[in-house]
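Below: the structure, in structure tokens.
Numbers here are sequence positions counted from 1. Everything numeric in this text was worked out from a predicted model, so none of it was measured. Numbering of ligands and ligand atoms starts at 1, following listing order. Values below: all heavy atoms of this structure, side chains included; hydrogens, waters and symmetry mates excluded.
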Amino acid sequence: MNLSTPVKELSRIGPQYQKKLKKLGIETVRDLLFHFPHRYEDFSTLTKISNAKEGDTIYIQGKVLEIKNTITWKRRMAITEAIIEDDSGSIKVLWFNQPYLADTLKQGSLVCLAGKVAVGKKSYSGIYLSSPIYEKISNLEKKNLIHTGGLIPVYPETEGLSSRWLRYILRPILNQFKNSLKDPLPKSLREKNDLLILNEAIWQIHFPESKKLAKQARTRFSFQELFLIQLNVLREKMRLKKEGSLAIPIDVKIIKKFVDSLPFKLTDAQRKSSWQILKDTEKARPMNRLLEGDVGSGKTIVAIIASLGAAKAGFQTAFMAPTEILAKQHFNTLKETLKDFKLKIGLLTGHEVRIKRKTSKKEFLEKVKQGKIDIVVGTHALIQKEVKFKKLALVIVDEQHRFGIEQRARLCREYGKETKLVPHLLSMTATPIPRTLALTLYGDLDLSILDQMPKGRKKVITELIPPKKRKVVYTFIRKEVKKGKQVFVICPRIEDKETSQAWSDVKAVKKEYEKLSKKIFPKLKVSMLHGKMKSKEKEEIMKKLKNKKIDILVSTSVVEVGIDIPDATIMIIEGSDRFGLSQLHQFRGRVGRSHAQSFCFLFVDHWSPKTKKRLKALLSSETGFELAEKDLEIRGPGEVFGVRQWGIPDLAMSSLGDTALVEKTRACAKEILKNDPNLKKEPLLRKEVKDFGKRIHLE
Ligand code: ADP
Ligand code: MG
């Protein structure tokens, strides 16, 4: 057996368990060993039975005086009832739904038990030990107990894998590896940072001798995982620096002409960011830049400036948006704002292709391939294999949390094969990256920040509306619509396991639409929008909205990102308790896009302390930045950035908040790469970095 041995080759792990392990992503012995406990039960001191008090978590040793199974006739639950005795007294013990225990722990056997003391009601009056973890022993003293006694590891119990079972499996494996694991962290690094050596750490994290050692073991692995992230990201950055890109010369005249043609003045932040981007793309090395700016800060214009520059130099740009609606909006904005610049702009989504008017897909792709379309706007359809560019200089990815690295890689696969060139990448987001993430997972990106809103914007007035005030809101809407304003009504996300989420969301929208159009606002123009509509219908709705043929749009979260309808000034969010903070902020960002005063009214279905905290944060914070910080506090980076899906190990996840450790690992990674960029002197580490990179996928 070695670390890469598949768990299915271990005789103690049957097919049932293999399946469960696989669901947790555990396929090899290594995965198993690196499946760490998330806490420990402290059973280091033995309790005399006579001292057991209600509410205590205790650890006892004794003899089984009697043990039997009964079944509760009401709930048909099997209860195993035992009496355990030591030299101080006896106590009742109950286990639920584990009838086999009566055979495992026979009368007269000696056991260690660890668990919580509870007080029973009715037929089980008096105190009892509730479902303790147990272990049979041969005599009454502590000796290498793995389930009871000392610090007991408790694993995140998922997929029906109990901590008990994991302890049972892990102990012998660890025994077998004792002192034979090779440490990928160089000795000097360990010594400098006071880290336990791997063999010791892996043992102590599973079966710690003391709390102090458990903590040291955790520190070591936190360090290791952050360090590996750092090495991966920094090496990626170095690698990219060696690649070539098309250098886009800056044509100040054209850019100036464009800026002057806009109906507004650019903010200083827009100017500065545009300039940073133009300076980057002027080089023959790939840009990797993230444009961060709150909703409504005007990121699109900056992206257009970059694509205009590329197009005028004779190169192509791929401009990608996460939804069809947004792609189409960008397509229209580009066409409109660039109409005096004689560029060919195309749209490619899963459902349609279009240049000036509709064309066949075949013809479209041919034109892209011949370099006859300057800017191709689209959805994920852009990264299909069949899409081939002639001179792709720039990739823009809007509103995406992992910022397009993967998308660029895919676009390059075909394009780069022949040209050996990598396009510049500009990704855009409204969610500010916190410092620790900027220094780790996003450490390979350069940042441009739009920290200024266009002039004259008013703060969106956000209010929580109690049910009895609903009518007041509806009256207010009628008044505003009369003044020519438009309204969004967002329906709650419904968790429904039976049907797919999208369908249950649709149901909610239809219901709300019926109510509003027939009962509440029979005289107003009410429409609905949801993800299951045909793209043509969606387009029709968006067009009507823009031309003010719709007063009130009832919608699912499809309008969440990017949609820009300046005359919409009221945002109603139903069931706002069901959305995350950043998402609510995105919804709110759909209004407040003109000089007019805008409003965001929140309704709540279910109150909970967490909901209260979240919505309060929304009411009190104006900017996405403040909100993101609060959201991170409440939900953590795993949820906020979807980082969890990248396969980042749990320990690394929780260490991401540790700024000091993040900075230390970054400094160490930089230092080691400075002298040894390819890690030639550290083959073990090099392999570990590579494997780590394969396990996490930064997409
Ligand atoms: P986001 O950063 O959320 O993507 P958009 O690019 O959609 O924002 O811009 C929001 C709105 O603000 C658009 O209607 C856009 O035309 C307008 N806008 C952009 N820059 C400015 C500016 N400097 N002054 C006034 N309005 C602007
Ligand atoms: Mg946008």
Sequence neighbours excluded and cut-off under 3.5 Å, please list the side-chain donor-acceptor pairs for residues 379-391, or say none.
residue : atom : partner : partner atom : Å
T379    : OG1  : A381    : N            : 3.3
E386    : OE2  : K361    : NZ           : 3.0

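The only option from I254, I250, I255 that meets the side chain to side chain contact (heavy atoms under 4.5 Å, CB included) definition with V252 turns out to be I250.
Taking K548 as the reference, Q486, D567 meet the side-chain contact (heavy atoms from CB on, under 4.5 Å) condition, with sequence neighbours excluded. Here K616 pairs with nothing under the side-chain contact (heavy atoms from CB on, under 4.5 Å) rule; sequence neighbours left out.
When atom types are taken as modelled, the side chain of T569 and the backbone of S598 share no donor-acceptor pair closer than 3.5 angstrom.
A salt bridge is defined here as a Lys NZ or Arg NE, NH1 or NH2 lying under 4.0 Å from an Asp or Glu carboxylate O, and D398 with K299 fails to meet this definition.
Within 4.0 Å of ligand 1, protein heavy atoms belong to F264, K265, L266, T267, Q270, D294, V295, G296, S297, G298, K299, T300, P454, R457, D564, R593, listed by chain and number.
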